[in-house]
Amino acid sequence: MRAIRAALLAWYEANARDLPWRRTRDPYAIWVSEIMLQQTRVETVKPYYARFLARFPSVEALARAPLDDVLASWSGLGYYRRARLLHQGALHVAEAHGGDVPRDLDAIRAIPGVGAYTTGAIASQAFDLEAPLVDGNVARVLSRLFRVEQDPKRGAGHARVWALAGELVRGEAPGALNNALMELGATLCAPREPRCDACPVRARCQARLAGVERTLPIVAEKKARPVVSEFAAVLRLGGRGAGAGGVLLGKRVADGLFGGMWEPPRLAAPDRTAFVGELAAMLGVEITLPKRRARAVEHVLTHRELKVTVYEGALGAAPERVAAAYRDRYVEVALVPMGDIEQRGVSTLARKILGG
DNA sequence: AACTCGGGGTT
DNA sequence: AACCCAGAGTT
């Protein structure tokens with residue numbers, strides 16, 4: 001274990017990528033980066049990270065901000081619940097800890113949106129606590145290094161990789177050690193084609209010694225992704241009334257898919273006629289859709305594939321609210337000038353629907 | 001333990 | 001097309 005630690009730390013020292021969140025010890029900044037990096041690639045996160053910290057530079061600033069502003073800053077990043085939980089987390093830290101991220105493991109873990117991985121990341125990187133962490137990269141590295149032949153995402157395999165991470169992190173520079181494990185998984189110990197020739201611990205890798213490095217880690221089979229068909233409408237108000245020129249957006253309920261985000265109204269319906277009826281009922285005004293000129297928008301998510309038929313249409317009048325029967329989906333509607341859409345929390349799917 | 005939740009790059 | 005990524009919360 002000591003030799004592996006030393007090899008990993010020396011390799012990391014010489015090969016670490018220069019990432020924005022590695023240039024700070026501010027626990028808030030590290031926290032923000034870790035939430036953004038959940039299931040999201042480094043290159044995707046970089047611009048969001050810089051913009052987010054510029055707009056919300058402290059726990060207090062984030063806690064004071066309206067959730068809608070936070071969602072707007074998250075627009076396009078995905079997994080929007082993360083933004084909601086991060087905001088809740090800021091409120092929690094502001095109230096329970098006076099705005100300072102706590103240095104206690106249990107207190108960190110109690111922050112909304114902070115799970116086992118993020119606890120270890122904040123504790124080790126911001127406070128140099130000997131707290132382990134296991135993400136997808138670390139799970140793969142440890143599965144190979146110690147030849148764990150069970151799915152590291154659950155059951156005994158999960159317990160095993162966390163125990164190994166706990167043993168490895170004990171010692172000096174826990175933050176660097178954790179980063180070294182992640183860096184190794186991100187750069188050399190790749191899922192398909194690991195570059196073992198350049199690996200600092202290849203001589204001690206149990207999987208490589210047994211010739212099974214490409215078959216580990218064991219992963220569960222994935223379920224097929226169902227295809228869901230929906231309709232959406234990009235609606236504008238005719239004439240010169242209030243809101244003329246704007247496009248109608250609905251704000252989705254907090255829970256579920258795209259929670260709290262704005263989008264052109266999107267409904268499942270058997271056909272175009274039914275969709276127009278649903279839409280008119282939801283908005284309480286007359287809707288005019290052309291028979292043709294529908295566009296097809298496809299959007300792939302983790303657990304489903306959306307195929308959306310998009311119509312450009314007109315409103316008979318400006319709707320004031322969502323009908324009660326539809327408030328399990330939308331909580332508010334607004335006519336938004338195209339130029340103001342960037343200030344709303346808008347999903348990438350909504351951008352595609354608006355895109356034309 | 002299973003399920004939900006985005007988006008995008010790589011192979 | 002398949003794969004997978006600095007995961008967490010709910011049921």
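Per chain, numbering begins at 1; letters A, B, ... match sequence-line order.
Note on ring orientation: taking the six-membered ring where Trp is involved, the planes of A:Phe275 and A:Phe231 are parallel (angle under 30°, cut-offs 30° and 60°). The aromatic rings of A:Tyr28 and A:Trp31 sit perpendicular, their planes meeting at an angle over 60°, well past the 30° parallel limit.
Atoms CG (A:Asn179) and P (C:dA6) sit 12 Å apart, rounded to a whole Å. A:Arg22 places its CZ atom 9 Å from the C1' atom of C:dA6, with the value rounded to the nearest Å. Between A:Lys222 atom NZ and C:dA1 atom P there is a gap of 18 Å when expressed in whole angstrom units. In this structure, A:Leu86 atom CG and C:dG9 atom C1' are separated by 15 Å, rounded to whole Å. With rounding to whole Å, A:Gln88 atom CD is found 12 Å from C:dA8 atom C1'. The NE2 atom of A:His158 sits 11 Å away from the C1' atom of C:dA8 (whole-angstrom rounding). Nucleotide C:dG7 holds its P atom 15 Å from the CG atom of A:Asp151, rounded to whole Å.
As judged by a 4.0 angstrom heavy-atom cut-off over every strand, A:Leu85 is placed among residues touching the sugar-phosphate backbone only. Note on A:Gly155: only backbone sugar-phosphate atoms sit closer than 4.0 angstrom, heavy atoms only; bases stay farther off. Residue-level contact check: A:Ile122 touches neither bases nor backbone, having no heavy atom under 4.0 Å from any strand.
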> For nucleotides 4-11 of chain B, read 5' to 3', which letter fits each nucleotide if B means a protein heavy atom sits under 4.0 Å from the base, S means only the sugar-phosphate is that close, and - means neither?
Replying inline: BBBBB--S
>> Assess the residue pair A:Arg225 and A:Thr302 against the criterion (side chain to side chain donor-acceptor pair (under 3.5 Å)); give the C-alpha distance rounded to whole Å, side-chain angles, the decisive distance to 0.1 Å, and a yes or no.
In response: CA-CA 8 Å; A:Arg225 170 159 46 215; A:Thr302 306; 6.0 Å; no
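Side chain to side chain, A:Ser75 and A:Arg351 meet the donor-acceptor criterion of an N or O pair below 3.5 Å. Side chains of A:Thr118 and A:Gln38: a donor on one and an acceptor on the other come within 3.5 Å. With 3.5 Å as the limit, one finds no donor-acceptor pair spanning the side chains of A:Lys153 and A:His158.
Positionally, the nearest nucleotide of DNA chain C for A:Val42 lies more toward the 5' end than for the other of A:Val42 and A:Val114. Mapping A:Pro112 and A:Glu34 onto DNA chain C via the closest heavy atom, the residue that lands nearer the 5' end is A:Glu34.
Among the nucleotides C:dA6, C:dC5, C:dA8, the one closest to the side chain of A:Arg140 is C:dC5.
Put simply, A:Thr118 has a side-chain N or O that comes within less than 4.0 Å of OP1 or OP2 on C:dA8. Taking only side-chain nitrogens and oxygens, A:Arg154 never comes nearer than 4.0 Å to OP1 or OP2 of C:dG7.
Listed by chain and number, the residues in a side-chain hydrogen bond (donor to acceptor under 3.5 Å, both in side chains) with A:Glu95 amount to none (sequence neighbours excluded).
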Listing, residues 313-327 of chain A side-chain donor-acceptor contacts under 3.5 Å, not counting sequence neighbours, or none:
residue  : atom : partner  : partner atom : Å
A:Tyr326 : OH   : A:Glu278 : O            : 3.4
A:Tyr326 : OH   : A:Glu278 : OE1          : 2.9
A:Arg327 : NE   : A:Val322 : O            : 2.7
A:Arg327 : NH2  : A:Val322 : O            : 2.7

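When the P atom is compared between C:dA6 and B:dT11, the two are found 13 Å apart, to the nearest whole Å. Comparing the same atom, P, in B:dG9 and in C:dA8 gives a spacing of 24 Å after rounding to whole Å. With both ends at atom C1', the span from B:dC5 to C:dC5 equals 15 Å, rounded to whole Å. The P atoms of B:dG6 and C:dC3 are separated by 22 Å, rounded to the nearest whole Å.
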